[in-house]
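As structure tokens, the structure follows; a few thoughts come after it.
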There are 2 protein chains.
Amino acid sequence: MYRDAPLKIIGSNAERTRLHNRKVVLGHLRSQGKLGRAELARLTGLSTQAMSNIIAELEGEGLILAGERQTKGRGLPAVQYTVNPQGAVALGIEVRPNAILCALVNFLGDTLYTKRTDLESSEPAVVLPVVKAACDEALSSFGEHVPPVLGAGIVMPGPFGRVGLSGTGKAELVGWDDQDPHALFEEALQMPVRVENDATAAAIAEQTTGSATELQSFCFVYFGTGLGLGVISNGEILHGAFGNAGELGHVVVERGGRLCSCGNRGCLETYTSRMAVSEYLQGRGKSAESQKDLSDLLAANDPDLDAWISEAAGPLAQAIGTLENLFDPEAIILGGAMPPELLEQLIERLDLFEATVSVREDRKLPRVVRGTSGWMTAALGAAALIIHDTYIPSISKVA
Amino acid sequence: MYRDAPLKIIGSNAERTRLHNRKVVLGHLRSQGKLGRAELARLTGLSTQAMSNIIAELEGEGLILAGERQTKGRGLPAVQYTVNPQGAVALGIEVRPNAILCALVNFLGDTLYTKRTDLESSEPAVVLPVVKAACDEALSSFGEHVPPVLGAGIVMPGPFGRVGLSGTGKAELVGWDDQDPHALFEEALQMPVRVENDATAAAIAEQTTGSATELQSFCFVYFGTGLGLGVISNGEILHGAFGNAGELGHVVVERGGRLCSCGNRGCLETYTSRMAVSEYLQGRGKSAESQKDLSDLLAANDPDLDAWISEAAGPLAQAIGTLENLFDPEAIILGGAMPPELLEQLIERLDLFEATVSVREDRKLPRVVRGTSGWMTAALGAAALIIHDTYIPSISKVA
DNA sequence: TTGAATATTCAAGTGTTTTGAATTAATGGA
DNA sequence: TCCATTAATTCAAAACACTTGAATATTCAA
């Protein structure tokens, strides 16, 4: 996430070629479910012989499973291969100021285990050992036969580094500003590590196991402490130069509007966010600290909550128009720490702009859909990042 | 630009590896200027032997030039290689409703030739032969010894396909809505073709020959007929799902603001665009149709133009805040069809937000800088796209 | 029953990179 | 001035992964 030197693109060789091709094969197997060698060869543009070699290697490592031969018209029926869900695991950690959430997922990104551990302090010296212990515990249930651990995804509240928005959010971690989380976690955990913000991780989770498995380009609006945005465009994650892309909460939707903790006026998250709804209800004598509070109020048809939803839909619709015009996504997904029914209510009341590049006759999906919600989203997303990396090749760059 | 089936990522082999490595080598040579084989090997992570082979091949094709041996401390001085500017050329075409602009650039993206040709109509059947003839003429000056032509970049006014914004702009091409420009141009020109929108092309031009040669992540705000945005993030072009990303002009900056031709209210381009300034001045009895008109008014310290700039700076600053928070770029560049002095005035008067992720202590560049301006920007950018592709490797995907 | 179609394997060949030793040319210290 | 050291480059052989073409297995259709 931290970068001083410009990225250097590095060369390829036979070994890296094989690595690339393995990912390509796994990617196709994951998205298609079941495929034979010959069909994989056609899909990837490789020879059947090359495919046989790659398949043999992956099967030997237990990452894929050979199934029945399947008859499809004439000719020798093809042996169908599938991804082995038990072939490998990945860890996901969400670091919050007062706790860490640890998740373990299988090779398809399905949840195997989750656990929350409280933190005394958010200093690196405290957090790192706790995270290490949590990871060990997560893997301990396997006993002797731990599957290959692909790595650990780490989600930390952004923004990364000292920037103009620093120090304005409640969720910020003290003691991390001048640290390199990637290096620290890789050192502590002794495995490959990826650090991302919560919204990006949630977006990847959505693509891995959620409602966006078919999507190559989408925006994930993430209700966390603030309001984040994860962007996947043509299959690639949008990071921005310093890993801080997607600060949707501080996009201004109303000039001279409500005063935000960041000092600006009219930021989206003063209208549409967990914080906004909590404050709104608190001002009316109601508590909405937990997701359950909100669920209950919604179930009871609370008029104040209802009013808030209507009020929040306007600014959100405007922001969605902005996202559509700037990112041209296949769809926009709403998820995170809001009750699913509330998100659906919100989507229902959106008065979307009629004139954006996303208004197309040939749309297959609605412009805005509901995604996965819940407080574990980010930790699962962190693990999904690691899974993602083993299915999607990328150009190798080095700092 | 058009895409029905999901993108399929394809496998690699020795041949594609060489292609990748050639690009990596050319990319480093371009950005560093002069390098020896051994240093290139270190930069790319390849062996010196592999580098020798690649260098020999590139030199044999005339794409790079061997220079003097250069002494750097002990040891055999390294032969310094540079990109050969005359090694290859690329064509760029901007298609407008009433004319095409044709540009020819050398292997470094420097302009060799430009020409405008009027169009009777913007129908494909009329445009394609005119473009073909323009390309032939551009290359005719070489006589017998035409350098390798890498391809042609085509810039067309977006948005592509029939979308909600279609039919609202003045610049739209009639007769192209249901066509596949890429296939049509490739057929007509018999060479590799890339189709992009004007802002993206301008952004690539800026990175190739303009003020952004060092930047990996930036936003290019392009003053064309409307207001476009080209985004390069970590070296990769942001297209969006349908090639329509970057519709900055229709981002709403003021709820219930001025009525835009798209039907919405408060679109940025009703405040800050060529169109906006023209209308503003026209309303005050002054003409500002051409870039020269604007230059003259500016030179004469025209109070109306001055007032417009101040008025336009507000909405633009807000949009820039949005771009900073959503894309986290290294810088934002303003360019296109506005006089350079006007862009500088505009930048000077921007009252940028103090709280965005782009406010960093360690900034090397100002948050907003002026880029290349002028009416040829898009055509040169189109050619730069082709140049870009020969220096930057990418994951091969197929529709 | 036979021939066409399809998947897969076998064996050899090709392209590109890697490895290790040899060569060339400059520096720095004796 | 000479020689060991350092660094770039080349040479020759080996390694790696993919491709090609022929052979084999299995199914469908005539």
Side-chain angles (χ1 to χ4, degrees), chain A residues 9-26 28-29 32 34-61 64-82 393 396, chain B residues 9-26 28-29 32 34-61 64-82 393 396:
Chain A
I9 298 176
I10 68 178
S12 184
N13 56 22
E15 197 182 329
R16 291 188 263 241
T17 295
R18 170 54 72 90
L19 217 65
H20 170 97
N21 289 345
R22 283 168 57 108
K23 291 188 183 195
V24 173
V25 170
L26 287 172
H28 280 102
L29 278 179
Q32 307 282 326
K34 267 185 172 183
L35 291 169
R37 289 184 183 85
E39 190 161 11
L40 276 165
R42 279 190 297 269
L43 285 170
T44 57
L46 296 174
S47 64
T48 56
Q49 185 56 56
M51 193 49 59
S52 265
N53 297 338
I54 294 165
I55 290 287
E57 187 178 281
L58 292 172
E59 192 182 1
E61 294 173 26
I64 62 174
L65 297 172
E68 301 288 291
R69 293 195 109 98
Q70 189 165 319
T71 300
K72 275 181 190 163
R74 274 189 192 183
L76 179 59
V79 177
Q80 299 300 112
Y81 288 90
T82 51
S396 304
Chain B
I9 299 175
I10 68 177
S12 184
N13 57 21
E15 197 181 330
R16 287 182 263 226
T17 295
R18 170 55 72 90
L19 219 65
H20 171 96
N21 288 346
R22 283 169 57 110
K23 290 187 184 194
V24 173
V25 171
L26 288 172
H28 280 101
L29 279 178
Q32 307 282 327
K34 265 184 174 185
L35 290 169
R37 289 184 184 83
E39 190 161 11
L40 275 165
R42 281 190 296 271
L43 285 170
T44 57
L46 297 174
S47 65
T48 56
Q49 185 55 58
M51 193 50 59
S52 265
N53 298 338
I54 295 166
I55 291 284
E57 186 178 279
L58 292 172
E59 193 181 0
E61 294 173 25
I64 62 174
L65 298 171
E68 300 287 292
R69 292 196 109 98
Q70 189 166 320
T71 301
K72 275 183 190 164
R74 280 190 187 182
L76 179 59
V79 177
Q80 299 299 115
Y81 288 89
T82 52
S396 306

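Just so we're on the same page: letters track the sequence lines, and every chain starts at 1.
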query: Where the side chain of B:Ser47 is concerned, which of D:dT6, C:dG15, C:dT19 is the nearest nucleotide?
result: C:dT19
query: Is there side-chain contact between A:Thr82 and A:Ile64, with heavy atoms separated by less than 4.5 Å?
result: no
- prompt: In whole angstrom, what separates B:Met51's CE from C:dT16's C1'?
  reply: 13 Å
- prompt: For the pair made of CD1 in A:Ile55 and C1' in C:dT9, what is the distance, rounded to whole Å?
  reply: 14 Å
query: Just how far, in rounded Å, is C1' of D:dA7 from CD of B:Gln70?
result: 14 Å
query: Out of curiosity, A:Leu35 CG to A:Gln80 CD, how far, rounded to the nearest 0.5 Å?
result: 7.0 Å
- prompt: Looking across every strand, which nucleic acid part, if any, lies under 4.0 Å from B:Arg22 by heavy atom: base, sugar-phosphate, or nothing?
  reply: nothing
D:dC11 base / B:Gln49 side chain donor-acceptor hit below 3.5 Å: yes
message: Please pick, from C:dT16, D:dT10, D:dT27, the nucleotide with the shortest atom-to-atom distance to any side-chain atom of A:Pro77.
response: D:dT27
- prompt: Between C:dA7 and A:Arg69, is there an OP1 or OP2 to side-chain N/O distance shorter than 4.0 Å?
  reply: no
- prompt: B:His28 versus B:Thr44: any side-chain heavy-atom pair under 4.5 Å?
  reply: yes
message: From CG of A:Leu40 over to C1' of C:dT9, roughly how many Å is that when rounded to an integer?
response: 17 Å
- request: Whole angstrom is fine here: how far is it from CZ in A:Arg74 over to P in C:dT2?
  value: 16 Å
task: May I ask you to check whether A:Gln49 and A:Asn53 show a side-chain donor-acceptor distance below 3.5 Å?
output: yes
query: Across the strands shown, which category fits A:Asn21 at heavy-atom distances under 4.0 angstrom: base, sugar-phosphate, nothing?
result: sugar-phosphate
message: Please report the interatomic distance CZ(B:Arg42) to OG1(B:Thr48), rounded to the nearest 0.5 Å.
response: 10.0 Å
- prompt: Considering only side-chain heavy atoms of B:Ala50, which listed nucleotide, D:dT9, C:dT8, C:dT18, is closest?
  reply: C:dT18
- prompt: Should A:Asn13 be listed as having a side-chain N or O under 4.0 Å from OP1 or OP2 of C:dT18?
  reply: yes
query: B:Ala38 side chain: which of C:dG3, D:dT9, C:dT9 is closest?
result: D:dT9
message: Quick test of your reading of the model: are B:Lys72 and B:Glu39 salt-bridged, counting only N-O distances below 4.0 Å?
response: yes
message: Tell me the interatomic distance from A:Tyr81, atom OH, to C:dT8, atom C1', rounded to whole angstroms.
response: 10 Å
Nearest-nucleotide 5' precedence on DNA chain C, A:Ala14 against A:Arg37: A:Arg37
statement: Against the side chain of B:Leu76, the closest entry in D:dT19, C:dT24, C:dT8 is C:dT24
- prompt: Do the side-chain N or O atoms of B:Ser52 get closer than 4.0 angstrom to the phosphate oxygens (OP1, OP2) of D:dT10?
  reply: yes
- prompt: Closest nucleotide of DNA chain C for B:Leu46 versus for B:Thr71: which of these residues is on the 5' side?
  reply: B:Leu46
- line: Nearest-nucleotide check on DNA chain D, B:Lys72 vs A:Thr48; residue mapping nearer the 5' end is B:Lys72
- prompt: D:dA17 P sits how many Å from B:Leu19 CG, rounded?
  reply: 20 Å
- request: Measure the distance from CD on A:Gln80 to C1' on C:dA7 and round it to the nearest whole Å.
  value: 11 Å
